[in-house]
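The analysis underlying the following values was restricted to heavy atoms, covering all of them including side chains, and did not include hydrogens, waters or symmetry mates.
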Amino acid sequence: MKKIDISGWKRKKQFEFFKDYDDPFYNICSEVEITELHKFCKKTETSFFITSLYLSQKTMNEIEEFKYRIKEDGIWFYETINAGSTVLNDDETFRFCYFNHFETFQKFYEKSKENLEESAKENDLTQNPFDENVVFYSVVPWISFSSISHAKKHSKYDSIPRIVFGKYFKRENKLFMPVSIEVHHSLIDGFHVGKYYEKLTEKFQNPQLELL
């Protein structure tokens, strides 16, 4: 990680414009086609949750703007972004599970299964093994939403993106899944959110190129 010299930073004007907003976050929801990814997971008997999380996390790590975070002493850039996600418990409550980023899908898949098992034993909502270099995920597989909001503590240093995957559905013989992304406007513009959706869609439509 490295601290950004704001005086020469290309986003200096945008950062200063939005940083003191009462609510500098904005949310965009869009449908992403998952037809080929769903087929891949069925054929290979792999978890759709873990696989889609890996592809989303990989996408985040390919876009510079998603790797900036606001801290008390300034703006920091992280080389690697990890993930934390809600996971449903057997008693219909939820827990948090955290996932390290790995370049290879096989390594990510193995470690993710281990993490899911360990988190079920601990069931702790307070531990976060990472610094700010994380994206918060939620999965709502019961609802094909078209909008969503998040519970947040009001802090001017909170700049962690939130992503939600919803219930997938069929339209014209294709499968789609709603994906919501919420980001801090002083760090990320709509242009960069568009890049996320574009790259994620490409990965979902060509999973074999990323996963094999």
Checklist entry - Run the side-chain contact (heavy atoms from CB on, under 4.5 Å) check on I63 and K199 step by step: do they pass? => result CA-CA 9 Å; I63 303 174; K199 286 176 172 287; 4.0 Å; yes
Next on the checklist: Could you walk me through whether K167 and M177 satisfy the side-chain contact (heavy atoms from CB on, under 4.5 Å) test, starting with their C-alpha distance in whole Å, then the side-chain angles of each, then the deciding distance to 0.1 Å, before giving a yes or no?
Outcome noted: CA-CA 6 Å; K167 179 182 179 180; M177 182 175 70; over 6 Å; no
Next on the checklist: Determine whether F108 and I50 satisfy the following criterion, side-chain contact (heavy atoms from CB on, under 4.5 Å), listing intermediate values before the conclusion.
Outcome noted: CA-CA 8 Å; F108 180 84; I50 295 177; 3.8 Å; yes
Next on the checklist: Pair S85, F49 - check side-chain contact (heavy atoms from CB on, under 4.5 Å), show working.
Outcome noted: CA-CA 10 Å; S85 179; F49 165 68; 3.7 Å; yes
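By the 4.5 Å heavy-atom criterion applied to side chains, K170 and K174 are not counted as neighbours. In this structure, Y68 and W76 have side chains that are not in contact, with every pair of non-hydrogen atoms separated by 4.5 Å or more. Using a 4.5 Å heavy-atom threshold, the side chains of I181 and M60 count as touching. With contacts defined as side-chain heavy-atom distances shorter than 4.5 Å, the pair I163/S180 does not qualify. Q57 is not listed as a side-chain neighbour of V135, based on a closest heavy-atom distance of 4.5 Å or more. Looking at heavy atoms from C-beta onward, I81 lies out of side-chain contact with F66 at the 4.5 angstrom threshold. In this structure, the side chains of Y137 and T86 stay at 4.5 Å or more apart for every pair of heavy atoms. Residues Y109 and Y54 form no side-chain contact, since every pair of their non-hydrogen atoms from C-beta on lies 4.5 Å or further apart.
With N133 contributing its side chain and T80 its backbone, the two residues share a donor-acceptor pair below 3.5 Å. H150 contributes no side-chain N or O that, together with a main-chain N or O of K152, makes up a donor-acceptor pair within less than 3.5 Å. A donor-acceptor pair under 3.5 Å links the side-chain atoms of R69 to the main chain of E132, judged by distance alone. Side chain of S159 to main chain of I70: a donor-acceptor pair is present (N/O by atom type, distance under 3.5 Å, no hydrogens or angles). Side chain of N89 to backbone of D91: no donor-acceptor contact under 3.5 angstrom is found. Under a 3.5 Å cut-off, the side chain of N82 and the backbone N or O of H101 do form a donor-acceptor pair.
Remark: F165 CZ to I34 CD1 distance equals 10.0 Å, nearest 0.5 Å. Here NZ of K12 is found 16.0 Å from NZ of K10. Values are rounded to the nearest 0.5 Å. Atoms CD and NZ, from E65 and K195 in turn, are 6.0 Å apart once rounded to the nearest 0.5 Å. We find the CG-NE2 distance between D23 and H185 to be 11.5 Å, quoted to the nearest 0.5 Å. Atom NZ of K113 and atom OG of S47 lie 9.5 Å apart (nearest 0.5 Å). Considering CD of E45 and CZ of F40, their distance stands at 12.0 Å, rounded to 0.5 Å.
Hydrophobic clustering of Ile, Leu, Val, Met, Phe, Trp and Tyr side chains at less than 4.5 Å, counting indirect connections, unites L88 with V140. Linking Ile, Leu, Val, Met, Phe, Trp and Tyr residues whenever their side-chain heavy atoms come within less than 4.5 Å places I6 and M1 in a single cluster. Residue L53 is not grouped with residue I160 when hydrophobic side chains (ILVMFWY) are merged at heavy-atom distances under 4.5 angstrom, including chains of intermediate members. With hydrophobic clusters built from ILVMFWY side chains whose heavy atoms lie under 4.5 angstrom apart, F99 shares a cluster with L200. Grouping the Ile, Leu, Val, Met, Phe, Trp and Tyr side chains by contacts below 4.5 angstrom, directly or via other members, places V87 apart from V164.
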Would you be so kind as to tabulate the donor-acceptor pairs closer than 3.5 Å made by side chains of residues 201-210, with sequence neighbours excluded?
from : atom 1 : to   : atom 2 : distance (Å)
T201 : OG1    : Y197 : O      : 2.8
K203 : NZ     : E62  : OE1    : 2.9
K203 : NZ     : E62  : OE2    : 3.2
Q205 : NE2    : E33  : OE1    : 3.4
N206 : ND2    : E202 : O      : 3.1
E210 : OE1    : K58  : NZ     : 3.2

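Ring pair F48/Y168: centre-to-centre distance below 6.0 Å. F96 and F94 have their aromatic ring centers within a separation under 6.0 angstrom.
The pair E118-K121 meets the salt-bridge criterion, since a charged nitrogen lies less than 4.0 angstrom from a carboxylate oxygen. A salt bridge links D158 with R162: the distance from a Lys NZ or Arg NE/NH1/NH2 to an Asp or Glu carboxylate oxygen falls below 4.0 Å. Electrostatic pairing of K39 and E36 counts as a salt bridge here, judged by a charged N lying under 4.0 Å from a carboxylate O. Salt-bridge annotation for R95 and E122: absent, with no side-chain N of the basic residue lying under 4.0 Å from a carboxylate O of the acidic one.
With a 6.0 Å cutoff to the six-membered ring centre and a 45° limit on the axis angle, K2 counts as a cation-pi contact of F77. The cationic atom of K71 (NZ for Lys, CZ for Arg) does not lie both less than 6.0 Å from the six-membered ring centre of Y157 and within 45° of the ring axis.
Remark: R11 engages D189 in a salt bridge (Lys or Arg N to Asp or Glu O under 4.0 Å) (not counting sequence neighbours).
Among all heavy-atom pairs drawn from S186 and W9, the shortest one is O-CH2, 4.4 Å. Summarising the geometry of E182 relative to N27, their closest heavy-atom pair is OE1-ND2, 2.9 Å, with the distance given to 0.1 Å. The two residues F169 and S144 have their closest heavy-atom pair at CD2-OG, 3.6 Å. Closest approach of G190 to Y26, counting heavy atoms only: N-OH, 3.1 Å.
Counted by atom type alone, S56 and Y196 present one or more donor-acceptor pairs between their side chains at under 3.5 Å.
Clustering of Ile, Leu, Val, Met, Phe, Trp and Tyr side chains at separations under 4.5 Å places F17 together with F18, Y21.
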